Amino acid sequence: MHNFKNISLLYFTCLTYKSLWESFFKLKNKYMDNTTIKTYLCTDILNDDHNIYQENNINILTFNKKSNFTINGNLYDRILFYLNNIDSKYILFFIDDMYIMDYVNFNKLQQLINIMENNEDIKIIKLSLDSFPFNNGKNVNYDNINFVQADNSKDEYIFNVQPMIMRKEFFIDMVTYCKNNSTVTHQNGGLEIFGTKYFRINLNFKCLRVCKDIIKIPYSGGIVSSGIISENMKKFLKEKENIEIKTYDNNLIFDLTKEEYECVGDRVKDVYKNINKKYSDNN
């Protein structure tokens, strides 16, 4: 019998990436349809068609301020807002373009939660083999399940944004550390770089990665790179899942207004400049 009352799925996104929402939840419903895990769509602001998600038992948390990924932006404040409005001990974390591509073994997922319940020093369990490997880590075994444990003093990307289970209180503390210390312009990058630094100064914290996929994703970087989805990825999703994602010029998944352009990170701005993309007249 599964006891998923102490874990919530946090789908972290923003309105700019709204074209990904419907297909993410389509895949979630297909591959995790037997679970009672409470699910949250966590966004900056909403558009007018959000009722479809509420009607499908998806809770919506809205920051009510446009996302801003600059060094003085609000990514960390947004995450803290969502976490403080979710009442569960553990977080099953997905960023917007990390699609679930195969059936989830709920018995294994329950085992991982049980392992964390019995081992307070385990703060994160990464669920995908596409998560960065721990080249300096070591093999460990808990309850007859094999993992690779990161070496906190040597490994890079101990924290990254592939699917994982985290203790909520740890996540709050780590994001607070990132907010107070990050000097990186791109805040997603800051979350990974300074999230890893947080493990460096807490050597007793353990981050594990599974040795067999619990969550299968199509690619380690997600399906989108700096706002662009490749033709190969579009073909893969169409052939495997009959999913078509709306795109604009050069396979961009959004059509930014000038206001939205000012809020995105430098990498997306560079993409816009490189393809001579103009702002949309849409509001």
Side-chain angles (χ1 to χ4, degrees), residues 1-12 32 34-40 79-80 82-84 86-95 98 100 104-178 191-217 220:
M1 183 71 177
H2 303 129
N3 178 21
F4 291 132
K5 292 182 179 180
N6 59 352
I7 187 168
S8 297
L9 190 156
L10 192 165
Y11 179 58
F12 181 64
M32 295 184 69
N34 291 323
T35 180
T36 57
I37 295 176
K38 198 169 184 178
T39 298
Y40 292 85
I79 296 175
L80 292 172
Y82 305 137
L83 291 173
N84 285 316
I86 293 175
D87 185 21
S88 64
K89 186 174 181 179
Y90 300 101
I91 299 296
L92 177 57
F93 181 77
F94 287 88
I95 202 163
M98 291 290 172
I100 308 167
V104 175
N105 185 323
F106 297 117
N107 291 327
K108 290 290 186 183
L109 190 63
Q110 181 67 66
Q111 282 183 279
L112 300 186
I113 295 171
N114 294 342
I115 288 170
M116 295 186 78
E117 279 286 282
N118 295 323
N119 296 273
E120 186 67 29
D121 51 353
I122 299 174
K123 306 302 182 184
I124 292 177
I125 297 181
K126 298 184 176 186
L127 303 175
S128 168
L129 293 181
D130 280 307
S131 191
F132 286 100
F134 299 141
N135 296 320
N136 301 289
K138 61 182 180 181
N139 296 323
V140 295
N141 184 285
Y142 289 88
D143 296 347
N144 297 315
I145 299 178
N146 293 321
F147 301 91
V148 179
Q149 178 182 323
D151 183 325
N152 292 9
S153 62
K154 295 179 182 179
D155 278 316
E156 299 296 334
Y157 293 101
I158 299 175
F159 183 85
N160 55 18
V161 293
Q162 278 80 27
M164 67 187 87
I165 300 174
M166 285 182 282
R167 296 180 184 275
K168 188 184 81 169
E169 291 306 315
F170 159 82
F171 199 9
I172 289 173
D173 291 343
M174 189 206 76
V175 173
T176 301
Y177 174 83
C178 292
L191 190 63
E192 294 184 329
I193 293 168
F194 284 85
T196 296
K197 288 181 182 292
Y198 190 61
F199 275 93
R200 298 255 192 274
I201 62 174
N202 291 283
L203 295 177
N204 58 313
F205 289 177
K206 293 180 180 178
C207 178
L208 308 182
R209 190 191 69 173
V210 295
C211 294
K212 293 183 178 180
D213 279 318
I214 302 297
I215 302 290
K216 179 66 178 174
I217 57 176
S220 62

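On a predicted model such as this, the values are computed, not experimentally measured, just so you know.
Applying the side chain to side chain donor-acceptor pair (under 3.5 Å) criterion to Asn135, with sequence neighbours excluded, gives no partner residue. For Phe132, the ring-ring contact (aromatic ring centres under 6.0 Å, His included) criterion is met by Tyr157, not counting sequence neighbours. Residues passing the side chain to side chain contact (heavy atoms under 4.5 Å, CB included) test with Thr39, sequence neighbours excluded: Leu9, Phe25, Lys28, Ile58. A search for ring-ring contact (aromatic ring centres under 6.0 Å, His included) contacts involving Phe171 returns Phe93, not counting sequence neighbours. With sequence neighbours left out, the side chain to side chain donor-acceptor pair (under 3.5 Å) criterion links Asn114 to Gln110. The salt bridge (charged side-chain N to carboxylate O under 4.0 Å, His left out) test applied to Glu169 returns no partner, not counting sequence neighbours. Residues passing the side chain to side chain donor-acceptor pair (under 3.5 Å) test with Asn105: none are found, sequence neighbours excluded. Partners of Asp155 according to the side chain to side chain donor-acceptor pair (under 3.5 Å) rule, which considers only residues two or more places apart in sequence or in another chain, are Asn136. With sequence neighbours excluded, no residue forms a ring-ring contact (aromatic ring centres under 6.0 Å, His included) with Tyr90.
With values rounded to the nearest 0.5 angstrom, Ile100 atom CD1 is found 12.0 Å from Asp213 atom CG. Taken from CD1 in Ile215 to OG in Ser131, the straight-line distance is 12.5 Å, to the nearest 0.5 Å. The CD1 atom of Ile217 sits 4.5 Å away from the CE atom of Met98 when rounded to the nearest 0.5 Å. Interatomic distance, CD1 of Ile91 versus CG of Leu83, reported as 5.5 Å (0.5 Å rounding). In this structure, SG in Cys178 is found 9.5 Å from OH in Tyr198, a value given to the nearest 0.5 Å. From Leu203, atom CG reaches atom OG of Ser153 across 6.5 Å, with rounding to the nearest 0.5 Å.
In this structure, Leu127 and Leu92 have side chains that are in contact, with non-hydrogen atoms separated by less than 4.5 Å. Residues Tyr142 and Asn118 form no side-chain contact, since every pair of their non-hydrogen atoms from C-beta on lies 4.5 Å or further apart. Residues Leu191 and Ile79 have side chains in contact (heavy-atom distance under 4.5 Å, counting atoms from C-beta outward). Side-chain contact between Ile125 and Val210: present, with at least one pair of heavy atoms (C-beta onward) separated by less than 4.5 Å.
Closest approach of Lys168 and Ser88 over heavy atoms only: CD-O, 3.4 Å. Summarising the geometry of Val161 relative to Glu192, their closest heavy-atom pair is N-OE2, 3.2 Å, with the distance given to 0.1 Å. Nearest heavy atom pair, residue Leu129 against residue Arg209, reads O-NH1, 3.6 Å. Shown here for Phe106 and Phe4, the closest heavy-atom pair between the two residues is O-CZ, 3.8 Å. Taking each heavy atom of Gly195 and Phe159 in turn, the nearest pair found is C-CB, 3.9 Å. Residues Phe134 and Ile158 share a closest heavy-atom pair of CE2-CA, 4.1 Å.
For an aromatic pair to be called close, the ring centres must be under 6.0 Å apart, and Tyr11 with Tyr82 fails this.
Aromatic ring pairs are classed by plane angle as parallel below 30°, tilted from 30° to 60° and perpendicular above 60°; the pair Phe205 and Phe170 is perpendicular.
Within the structure, every pair that satisfies the salt bridge (Lys or Arg N to Asp or Glu O under 4.0 Å) test and touches residues 194-206, not counting sequence neighbours, is listed here: Asp121-Lys206, Glu156-Arg200. Among residues at least two apart or in separate chains, there is no salt bridge (Lys or Arg N to Asp or Glu O under 4.0 Å) pair with a member in residues 126-139. Evaluation of the salt bridge (Lys or Arg N to Asp or Glu O under 4.0 Å) test over residues 110-120, restricted to residues two or more places apart or in two chains, returns Lys89-Glu117, Glu120-Arg167.
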*Would Leu109 and Ile7 satisfy side-chain contact (heavy atoms from CB on, under 4.5 Å), going step by step from the backbone distance to the final call?*
CA-CA 11 Å; Leu109 190 63; Ile7 187 168; 5.5 Å; no

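In summary, of the residues considered (Ile122, Asn141, Leu112, Asn139), a side-chain contact (heavy atoms from CB on, under 4.5 Å) with Phe147 occurs for Leu112 alone.
Shown here is Asn204, whose CG atom has more than 12 heavy atoms of other residues, nucleotides or ligands within 6.0 Å.
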